[in-house]
Amino acid sequence: MNKKGFIFDLDGVIVDTAKYHFLAWKKLANSVGVDFTETQNEQLKGVSRKKSLEKILKWGNKSLSEDEFSKLMSLKNEDYLSYVNNMDESEILPDVPKILNFLIEEKQPIALGSASKNARTILEKVNLLSKFNTIVDGNGVAKGKPNPEVFLTAAKNLGIKADKCIVFEDAKAGIEAANAANMVSIGIGEKDVLQNADYVFKDFTEISEEFITELIKN
Ligand code: BG6
Ligand code: MG
């Protein structure tokens, strides 16, 4: 049977945690006198925690000592985790379990490829951890998206060649990473943001089992 590697991003693909990242970053930015908008939040999708804080400080023309910087990183994460702790299965995005279960029935290897260091906690909270054959997250990679490292590591862990992998991503940086890894890139979100993806769907309710079957075959 044909086997492909199916790699899923987490935030914005499996669960809508962008709203919690936004609340936590906004509170933090405002606490040091920096403004933070939804548009800016959009630009932090797929971007690591450290890189995100660097960008926020740059936008606000602020520079901090190393100590202050790491203190702010921990504060942001504490606040973010206070939202994550209240998450349950109801926060899984529509039809995600349906697609995961279909892939499992079809005996296709499944990986998580996320920038988040909280990926395991979140998957446990929403009860999806057992669906994945490997988890590659922000704890396991040195170079963040758009660098392809996270997806190449996922492919390696699955034992599937990169050009036989398919990536589901909601972030521009993630689509760039999938393309750089020579994988099929599937954007989840808006076409005008994800123009470099091979395919774009608004969400998983638009993805049919026939489409997945074709991906497995070709
Ligand atoms: C990505 C999110 O998945 O993970 C980013 O899109 C976030 O917004 C990044 O900054 C890192 O997440 P965490 O949970 O390690 O702070
Ligand atoms: Mg994402």
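Order of listing sets the numbers, starting from 1, for every ligand and every atom in it.
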Student: Going by side-chain heavy atoms closer than 4.5 Å, which hydrophobic residues are tied to Val150, directly or by a chain of links?
Tutor: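 Hydrophobic cluster check, Val150: joined to Ile7, Val136, Val141, Phe151, Leu152, Val167, Met183.
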
Student: Once you measure the plane-to-plane angle for Phe201 and Phe211, does it fall in the parallel (<30°), tilted (30-60°) or perpendicular (>60°) bin?
Tutor: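 Correct class here is perpendicular.
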
Student: Check whether any N or O atom of Lys117, backbone or side chain, sits under 3.5 Å from an N or O atom of ligand 1, and answer yes or no.
Tutor: yes

Student: If you count the atoms of ligand 1 from 1 in the order shown, which ones are under 4.0 Å from a heavy atom of Leu44?
Tutor: 5 (C), 8 (O)

Student: Could you say whether the N/O atoms of Trp25 and ligand 1 ever approach to under 3.5 Å?
Tutor: no

Student: May I ask you to check whether Asp9 has an N/O atom sitting below 3.5 Å from an N/O atom of ligand 1?
Tutor: no

Student: Between Phe8 and Leu128, is there a side-chain heavy-atom distance shorter than 4.5 Å?
Tutor: no

Student: Can you check whether Arg49 has an N/O within less than 3.5 Å of an N/O in ligand 1?
Tutor: yes

Student: Side-chain contact, heavy-atom cut-off 4.5 Å: Leu100 with Ile110?
Tutor: yes

Student: Could you tell me which atoms of ligand 1, counted from 1 in the order shown, lie closer than 4.0 angstrom to a heavy atom of Lys45?
Tutor: 6 (O)

Student: Taking salt bridge (Lys or Arg N to Asp or Glu O under 4.0 Å) as the definition, give me every residue that meets it alongside Lys50, ordered by chain and number, with sequence neighbours left out.
Tutor: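 For Lys50, the residues satisfying salt bridge (Lys or Arg N to Asp or Glu O under 4.0 Å) (neighbours in sequence not counted) are Glu54.
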
Student: Which residue owns the protein heavy atom closest to atom 1 (C) of ligand 1, what's the atom, and how far is it?
Tutor: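 Of the protein heavy atoms, Asp11 OD2, 3.3 Å lies nearest.
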
Student: State which residues pass side chain to side chain contact (heavy atoms under 4.5 Å, CB included) with Arg49; sequence neighbours excluded, sorted by chain then number.
Tutor: Trp25, Met73, Asn77, Lys117, Asn118

Student: Salt bridge or not between Glu91 and Lys125? Use side-chain N to carboxylate O under 4.0 Å.
Tutor: no

Student: Number the atoms of ligand 1 from 1 as they appear, then name those within less than 4.0 Å of a heavy atom of Gly46, with their elements.
Tutor: 2 (C), 5 (C), 6 (O)

Student: Does Ser52 have a heavy atom less than 4.0 Å from any atom of ligand 1?
Tutor: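 Ser52 counts as a contact of ligand 1 under the 4.0 Å cut-off.
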
Student: Flag the pair Asp137 / Ser116 as yes when at least one side-chain heavy-atom distance between them is below 4.5 Å, and no otherwise.
Tutor: no

Student: With side-chain hydrogen bond (donor to acceptor under 3.5 Å, both in side chains) as the criterion, how do Ser90 and Asp88 come out once you've worked through the C-alpha distance, each side chain's angles and the decisive distance to 0.1 Å?
Tutor: CA-CA 5 Å; Ser90 67; Asp88 61 26; 2.5 Å; yes

Student: Can you tell me if Lys76 uses its side chain to pair, donor with acceptor, with the backbone of Leu28 under 3.5 Å?
Tutor: no

Student: Of all the non-hydrogen atoms in the protein, which one sits nearest to atom 12 (O) of ligand 1, and at what distance?
Tutor: Ser116 CA, 3.4 Å

Student: Check Val47 against ligand 1 and report side chain, backbone, both or neither, counting heavy atoms closer than 4.0 Å.
Tutor: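 The backbone, only.
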
Student: Distances under 2.8 Å only: what protein N/O/S atoms are near the Mg ion (ligand 2), ordered by chain and residue?
Tutor: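 Protein N/O/S atoms under 2.8 Å of the Mg ion (ligand 2): Asp9 OD2, Asp11 O, Asp170 OD1.
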
Student: Using a 4.5 Å cut-off on heavy atoms from C-beta on, say whether the side chain of Thr17 contacts that of Tyr80.
Tutor: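 Tyr80 reaches Thr17 side chain to side chain.
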
